[in-house]
Amino acid sequence: MTTGYVFHPEYLWHDTGTSAGLLPADPTAGVQPAVHVENPDAKRRVHELIHACGLLGELMVIEPRRATVAELTRVHTPAYVQHIKTQSDLRGGGGDAGDGFSPVGHGSYDIARLAAGGLIELVTAAAHGDITNGYALVRPPGHHATANQGMGFCLFNNIAVAARHAQAELGLARVAVVDWDAHHGNGTQAIFNDDPSVLTISLHQAGCFPPDSGWTHENGTGDGTGYALNVPLPPGSGHAAYLNAIHQVVLPALDRFAPDLILLANGFDANVFDPLARQMLTAASYREMTRLLVSAADQLCHGRLIAAHEGGYSPFYTPYCALAFLEELTGTTTHVTDPLAAVVAGYTAEPFLPHQCEVIAAAAQLVERIS
Ligand SMILES: Cc1nn(C)c(C)c1/N=N/c1ccc(/C=C/C(=O)NO)cc1
Ligand SMILES: [Zn+2]
């Protein structure tokens, strides 16, 4: 069993500039400059930990390439692709992808193409049998980007571009996208909303971002009715709620859909230390969730599970969540364990939130619409 790995230094050169974390700085209005929350640090530290603990040597490193405009426009409008290029060409950066919170630095167009191209290379390697599964540690993230709008730090929807490539070039007709980033995978859902060949399943903190998005009743449209599932978990949801959602919604949906490929929008921002959400997952949670998804991929599609890094903003804790994920993906263990396990054990005593059961049960009911 071989796990592919995509990383490239250019991913760290996507410049999200200074801001007050999320918002552009505005000193006279009292909005002090600070490093942007979507900065290279957490992702750099993930790569460094993977290398320092020796796991890199267990992975098949796959070189990314830049997605072509033709590959991008399977998902995005030509005008939007051009918009990103225009913003990226601005000398001195300072561009935006469309919602005012998605910085486009000078040269970010080519870096975002390299992120989407990294996913394309990974799914290609899986389809050719060179790897069983894989992980693309890419930046900028993608799951909020719709066909014609950048959003939530996302420029091109890396997962969606890879899904369409898998269908068009690799003979993988049925693609399932599981998104356990803390925020709703609205872009991926919108891109495939009327398409029954791509099942999207998003587990996220209810109403966190985008605002008023990702409710259970968002279940696909037209021919795609039934092929979008949402589990909007209340703030404070942790291990028990997420594992229940995986067992009661994700696994039954994958069984019914019988995908040729499973793509994972792999955000780690549902971890207990993340600044942009209020969920309470720990590294152990990601380990267990990954184990279940690897097992489903083995049963359903020859182990073909390809993950794209999305959110995850805690520089010190994201690496341990990513390492736990990657150990399960590769079926190996390293000498590194979560040094904060004892700390988090103290305060991830997850409150039982009755609403969690209702949300999970409502989504579980919709699974039978998948045929
Ligand atoms: C709404 C709103 N209004 N305003 C003024 C601002 C600053 C708003 N939120 N921006 C956000 C909030 C959260 C994210 C998370 C992205 C992620 O991690 N995705 O996976 C992105 C942008
Ligand atoms: Zn997120």
Side-chain angles (χ1 to χ4, degrees), residues 11 14 16-26 29-43 46 95-104 108 112 115 119 136-146 149-160 177-191 200-215 230-233 235 237 242 263-281 285-286 289 307-315 317-318 321-322 325:
Y11 296 148
H14 166 56
T16 49
T18 63
S19 70
L22 279 175
L23 291 159
D26 184 356
V31 184
Q32 303 172 41
V35 69
H36 194 280
V37 68
E38 204 290 309
N39 64 66
D41 212 22
K43 278 115 176 172
V46 168
D96 186 87
D99 68 347
F101 322 117
S102 305
V104 177
S108 287
L119 266 300
L137 179 52
V138 295
R139 195 170 161 267
H143 72 143
H144 294 306
T146 63
Q149 161 87 35
M151 193 185 297
F153 319 144
C154 299
L155 273 55
F156 297 137
N157 195 312
N158 305 314
I159 284 266
V177 181
V178 177
D179 184 330
W180 63 38
D181 184 284
H183 306 97
H184 178 221
N186 65 296
T188 315
Q189 174 179 295
I191 288 162
T200 61
I201 311 172
S202 183
L203 312 181
H204 46 269
Q205 180 178 318
C208 185
F209 186 83
D212 197 20
S213 177
W215 306 113
N230 284 288
V231 187
L233 291 166
S237 293
Y242 274 80
L263 297 176
L264 172 64
N266 191 13
F268 291 104
D269 41 11
N271 84 60
V272 66
F273 288 104
D274 198 276
L276 286 194
R278 287 295 167 268
Q279 304 299 55
M280 298 210 301
L281 296 182
S285 311
Y286 287 102
M289 290 160 58
H309 197 101
E310 297 280 356
Y313 305 99
S314 163
Y317 198 58
T318 301
C321 298
F325 157 78

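All ligand and atom numbering here is 1-based and tracks the order in the structure.
Below 4.0 Å from some heavy atom of His143 lie the following atoms of ligand 1, by number and element: 19 (N), 20 (O). Of all atoms in ligand 1, listed by their number and element, those nearer than 4.0 Å to a heavy atom of Gly152 are 16 (C), 21 (C). Near Asp269, with a cut-off below 4.0 Å to any heavy atom, the atoms of ligand 1 are 17 (C), 18 (O), 20 (O). Counting atoms of ligand 1 from 1 in the listed order, those under 4.0 Å from a heavy atom of Phe101 are 2 (C), 3 (N), 4 (N), 5 (C), 6 (C), 7 (C), 8 (C), 10 (N). Distances below 4.0 Å separate heavy atoms of Asp181 from the following atoms of ligand 1: 19 (N), 20 (O).
There is a side-chain donor-acceptor pair under 3.5 Å between Gln189 and His184.
Ranking the protein heavy atoms by distance from atom 10 (N) of ligand 1 puts Phe209 CE1, 3.7 Å first. The shortest contact between atom 18 (O) of ligand 1 and any protein heavy atom is with Tyr313 OH, 2.5 Å. Ranking protein heavy atoms by distance to atom 21 (C) of ligand 1, first place goes to Phe153 CZ, 3.5 Å.
The side chain of Pro211, and not its backbone, has at least one atom closer than 4.0 Å to an atom of ligand 1 (non-hydrogen atoms only; side chain from C-beta on). With a 4.0 Å heavy-atom cut-off, ligand 1 is reached by the side chain of His144 but not by its N, CA, C or O.
By the ring pair (Phe, Tyr, Trp, His ring centres under 6.0 Å) test, Tyr11 is found to be paired with no residue, residues two or more places apart in sequence or in another chain being considered.
At the Zn ion (ligand 2), the vertex angle linking ND1 of His183 with OD1 of Asp181 is 100° (nearest 10 degrees).
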Please set out all donor-acceptor pairs under 3.5 angstrom arising from side-chain atoms of residues 200-209, sequence neighbours excluded.
residue, atom, partner, partner atom, Å
Ser202, OG, Gly185, N, 3.3
Ser202, OG, His204, ND1, 2.7
His204, ND1, Ser202, O, 3.4
His204, NE2, Gly214, O, 2.8
Gln205, OE1, Arg278, N, 2.5

Item to check | Chi angles and distances behind the salt bridge (charged side-chain N to carboxylate O under 4.0 Å, His left out) call for Glu38, Lys43 | outcome: CA-CA 9 Å; Glu38 204 290 309; Lys43 278 115 176 172; 2.8 Å; yes
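Distance check for Asp269 against the Zn ion (ligand 2): an N/O/S atom falls below 2.8 Å.
The two atoms that bring Pro33 and Ala25 nearest to each other are CA-CB, 3.6 Å, heavy atoms only. Considering every non-hydrogen atom in both Met151 and Asp99, the closest pair reads CA-OD2, 3.3 Å.
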